[in-house]
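See below for the structure under consideration.
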There are 2 protein chains.
Amino acid sequence: MDETDRKIIELLAEDSRRALADIGAVVGLAPSSVNERIRRLTASGAIRRFTVDTDPAALGLPMLVYLWLALREDADEAAFRRFAASHRRVLECHHVTGAWSYLVKLRVGAVTEIESVLAELKAGRFLGRSETVIVLSSAVAGPHVPAPGV
Amino acid sequence: MDETDRKIIELLAEDSRRALADIGAVVGLAPSSVNERIRRLTASGAIRRFTVDTDPAALGLPMLVYLWLALREDADEAAFRRFAASHRRVLECHHVTGAWSYLVKLRVGAVTEIESVLAELKAGRFLGRSETVIVLSSAVAGPHVPAPGV
DNA sequence: GCTGAAATCCCCATTTT
DNA sequence: AAAATGGGGATTTCAGC
């Protein structure tokens, strides 16, 4: 993982359909060499996958929501993690320092869906306390990669 | 944006290098038709870009951090947003409801960098109060797309 | 808007240094 | 590891429906 690898990843992040010859022209390598480096970066896991960054609003998920969670004392934490990992609306779920135990990032189509998620968390006996933070606007939005369908 | 378009986006999200013929076989269209739909989805902005999902740790950014910010009363909010948008370590920056005004997502190589970011926020006269939340582990991690280099 | 075929461009494997 | 080459395959375009 040298400076050339980093540059290649950066170029692919901008546009992963760029031709190997174009990338090679920027980093000063032949197309076949660029290809070999990309193969290695993918094999090593530095590149996880080739994907698309999409507009969540165009896909019917205009609302971004963060949930702070304190799990119940007796909650099955492994089950909670599985729940989060398999939930279509959960984009991220982090165990964090501080007063709350988990931070969950959601994308939803409308406010009513937030209540559904909280209801599911309650039904799974995961939820102790929670606080819902709604995103009003984003100065920096981050990429959106749609989850695999049901 | 019909069901076929959604399916195409989902397939591209999984692997954007899939051949048009493969995608066509799944959705029941000729390769040229799939190509035309992808062209339209890209032109309309539903697909923002073809990119790569990477391992942040492999790129030297193993730590994920969230910052809650209350801006100074007299802060230049537009300048703050420009600062956030141009900062290499800021992955997301959201104006939010609740007790804090902004939620900032950072990726850093080590804890010391958090202090640098807070110092920059102070130097720019943006920072009122702040709270730092460090991610210990992620049940759902979300994609990581490296920012364009300086 | 979809198809199918033609033309073009690109990837990929092999060989060589 | 990187470069050069050629064959196979993919994308892209366009005329027709």
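Numbers restart at 1 for each chain; the letters A, B, ... are given by sequence-line order, proteins then strands. Since the model is a prediction, treat every value here as computed from it, not as a measurement.
Qualifying salt bridge (Lys or Arg N to Asp or Glu O under 4.0 Å) partners for Lys7(B), counting only residues two or more places apart in sequence or in other chains: Glu10(B). Shown here are the salt bridge (Lys or Arg N to Asp or Glu O under 4.0 Å) partners of Glu3(A), two or more places apart in sequence or in another chain: Arg6(A). Residues satisfying the side chain to side chain contact (heavy atoms under 4.5 Å, CB included) test with Ser137(A), not counting sequence neighbours, are Arg81(B), His95(B). Residues forming a salt bridge (Lys or Arg N to Asp or Glu O under 4.0 Å) with Arg37(B) (at least two apart in sequence, or on another chain): Asp2(B), Asp5(B). Asp15(A) meets the side chain to side chain contact (heavy atoms under 4.5 Å, CB included) test with Arg17(A), Arg18(A), Phe50(B); sequence neighbours excluded. Annotation: side chain to side chain contact (heavy atoms under 4.5 Å, CB included) contacts of Glu36(B) (sequence neighbours excluded): Arg39(B), Arg40(B). Applying the side chain to side chain contact (heavy atoms under 4.5 Å, CB included) rule to Ala85(A) yields the partners Val140(B); only residues at least two apart in sequence or on another chain are considered. Evaluation of the ring-ring contact (aromatic ring centres under 6.0 Å, His included) rule for His144(B) yields no partner, not counting sequence neighbours.
The stretch residues 14-22 of chain B has no heavy atom under 4.0 Å from DNA chain C, so no residue of it qualifies as close. Within residues 29-44 of chain B, the residues approaching DNA chain C are Leu29(B), Ala30(B), Ser32(B), Ser33(B), Arg37(B), Arg40(B), by heavy-atom distance under 4.0 Å.
For the salt bridge (charged side-chain N to carboxylate O under 4.0 Å, His left out) condition, the pairs that include at least one residue of residues 41-60 of chain A, sequence neighbours left out, are Arg48(A)-Asp55(B), Arg49(A)-Asp53(B), Asp53(A)-Arg49(B), Asp55(A)-Arg48(B).
Protein chain B contacts DNA chain C from dG1(C) to dG4(C), reading 5' to 3' and using non-hydrogen atoms of the protein with a distance under 4.0 Å.
Of all the heavy atoms in Val104(B) and Cys93(B), the pair that sits closest is CG2-SG, 4.0 Å.
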